[in-house]
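First comes the structure, then the notes that go with it.
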Protein chains: 2
Amino acid sequence: MRSEQGDRPARAKRLPRAVRERQILDAATAVFSQRGYHAASMDEVAVVAGISKPMVYAYLGSKEELFAVCIKREAGRLVDAVGAVVDPELAPEERLWRGVLAFFTFVGEYRDSWNVLHRQAGSEGQPFAAEIAEGRRRAIALIGALLAQAAVAEGVPEWFLGETEAMAAALVGAGESLADWWLDHPDESAKAMAARLMNLAWMGFGNLVRGRNWQPPTSAKADAEPA
Amino acid sequence: MRSEQGDRPARAKRLPRAVRERQILDAATAVFSQRGYHAASMDEVAVVAGISKPMVYAYLGSKEELFAVCIKREAGRLVDAVGAVVDPELAPEERLWRGVLAFFTFVGEYRDSWNVLHRQAGSEGQPFAAEIAEGRRRAIALIGALLAQAAVAEGVPEWFLGETEAMAAALVGAGESLADWWLDHPDESAKAMAARLMNLAWMGFGNLVRGRNWQPPTSAKADAEPA
DNA sequence: TCCTGTACCTACTCGCGAGTAAGCCTACTG
DNA sequence: CAGTAGGCTTACTCGCGAGTAGGTACAGGA
């Protein structure tokens, strides 16, 4: 019962540092996503990365540093994905639509990343809760500004300008919650999810109920409406 | 530096079990709220409760059991608060308004309870994440049914009936996020927060931007609009 | 007044997981 | 084909926190 090929993990293949670092980060993201920061153990990260613990420490430092690097990488990916599609030349509605679509596409593609950023951000005691909360706050401010811009363009009454930030917060929450709901309904497309959020944001339930639904600007038909 | 009155915690006053249990639960809710399940220590719960650790174990059992009891109590409070105001006789719009208002009132009153239910529910690895997620799912189903009811009453097109659950999920998320936003803007009233959510839900940004905002049915004016 | 049960305590054990010491192995370099 | 740098490992230490053993003190009944 020994010396067989698959029994013992055996010595890991020698790989250049950059590659191992990526593997460790991937493993750490998966483990943090599944367990949460506190419940995650460095041993498990090492095992998932197919390597021994001291390597993790040698390359990425302490558990807290490792988590920080994970957060930074995943947050960067999300910001890049959204930033790549929101041309400031475009009208607010179109910009919001593209950003929302990019967001859901990202969530669909990098589930663990989303988990680490979203679920682990909540629990306050954790190391980088403040940073993540700050990032979220910036996102809300950005969307709030976009809403305000749209509002001004439409000649909205004064009192409403104070409301855009709160509306943006609600919208961000609605997006997060829809992303969670998506996990339970994996057959939906990112586009359909984005269309749902736009419907809520741009039309409101009061309009939807009267049969008027919002449609994405370029394509012929929103996924939300079959037929 | 001893034998002074305030120096040592001294022996705690003798109290009947029921009272101590309530104190311990209050302390546990506060600690879990602030630290999260994993980072919370039973020692801290004991200190906050003004008591020694073995008492906590004697009365509430293990850490996991203690957490479970906390969750049950706070969830019960929330359910009761909302359930007390949603008369099934009422129209869907009125029912939603009352429920939303009760929700924000609860969050304003029991911050720690809300924290434990909301933030700690997220991190998946934790003991009762499944139960909390289930409760949240039930809430979404309930609101979804309410939306469907409203939709049918308005004679909405067929395709929309499949959308109500997703809309409910978005709405719940929007509510949670607004509750968080509230922490950064504590001067707002529960009523104003509830009015915001109703505006998003019932009118949508598209309507708001045209100056049409939703108003609570009974009172003369929505808090959202001053003047 | 003593006696008993229940509230309460100090002072441990013990396992788990973060972090490390000390060295082994192998792919390039000359 | 020897030398070496850097990839990789085993096998620890050590503190923190869950959970417990074995009591002490106090209120209320005999």
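Lettering follows sequence order; numbering is per chain, from 1.
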Practice task
Would you check if the side chain of B:Glu44 reaches a backbone N or O of B:Ser41 as a donor-acceptor pair within less than 3.5 Å?
Solution key: no
Exercise for the section: Check side chain to side chain contact (heavy atoms under 4.5 Å, CB included) between B:Ala168 and all other residues, then give those that pass, not counting sequence neighbours. Expected result: B:Ile140, B:Ile143, B:Leu147
Problem - Minimum heavy-atom distance B:Leu101-B:Lys191, with the two atoms named - result: CD1-CA, 3.6 Å
Practice task
Specify the separation, in whole Å, of atom OH of A:Tyr37 and atom P of C:dA18.
Solution key: 8 Å
Practice task
Please list, chain by chain and in numerical order, all residues satisfying salt bridge (charged side-chain N to carboxylate O under 4.0 Å, His left out) with B:Asp112, sequence neighbours excluded.
Solution key: none
Exercise for the section: Measure from CD1 on A:Ile24 to P on D:dC8 and round the result to the nearest Å. Expected result: 8 Å
Practice task
To the nearest Å, give me how far apart CD (A:Glu64) and P (C:dG19) are.
Solution key: 8 Å
Practice task
Remember a base hit wins even if backbone is also touched, and classify B:Ala40 as base, sugar-phosphate or nothing at under 4.0 Å, heavy atoms.
Solution key: sugar-phosphate
Completion exercise
Between CE of A:Met42 and C1' of C:dT20 the distance, given in whole Å, is 13 Å
Practice task
Could you pull out all residues at least two apart from B:Arg20 that satisfy side chain to side chain donor-acceptor pair (under 3.5 Å)?
Solution key: B:Gln23
Practice task
Could you list by number each residue of residues 50-60 of chain A showing a heavy-atom separation from DNA chain D of less than 4.0 Å, or answer none if no residue does?
Solution key: A:Ile51, A:Ser52, A:Pro54, A:Met55, A:Tyr59
Handout entry: Interatomic distance where CZ belongs to A:Arg17 and P belongs to D:dC8 [whole Å]
Key = 11 Å
Handout entry: Set of residues satisfying ring-ring contact (aromatic ring centres under 6.0 Å, His included) with respect to A:Phe32, sequence neighbours excluded
Key = A:Tyr37, A:Phe67
Handout entry: For B:Glu21, salt bridge (charged side-chain N to carboxylate O under 4.0 Å, His left out) partners two or more places apart
Key = B:Arg17
Practice task
Using the side chain to side chain donor-acceptor pair (under 3.5 Å) rule, collect all pairs that involve residues 68-77 of chain B, keeping only residues at least two apart or in two chains.
Solution key: B:Asp26-B:Arg73, B:Thr29-B:Glu74, B:Glu74-B:Arg77, B:Glu74-B:Ser113
Practice task
Name all residues meeting the ring-ring contact (aromatic ring centres under 6.0 Å, His included) criterion together with B:Tyr110; count only those two or more places apart in sequence or in a different chain, and write none if there are none.
Solution key: B:Phe106
Exercise for the section: Whole angstrom is fine here: how far is it from CD in B:Glu65 over to C1' in D:dG19? Expected result: 12 Å
Between the protein and nucleotides 25-30 of chain D, which nitrogen or oxygen pairs are less than 3.5 angstrom apart?
| residue | atom | partner | partner atom | Å |
| --- | --- | --- | --- | --- |
| D:dC26 | O2 | B:Arg14 | NH1 | 3.4 |

Practice task
For A:Leu66 and C:dG17, give me the distance from atom CG to atom C1', rounded to whole Å.
Solution key: 15 Å
Practice task
Write down the distance between CZ (A:Arg35) and C1' (C:dG17), rounded to a whole number of angstrom.
Solution key: 14 Å
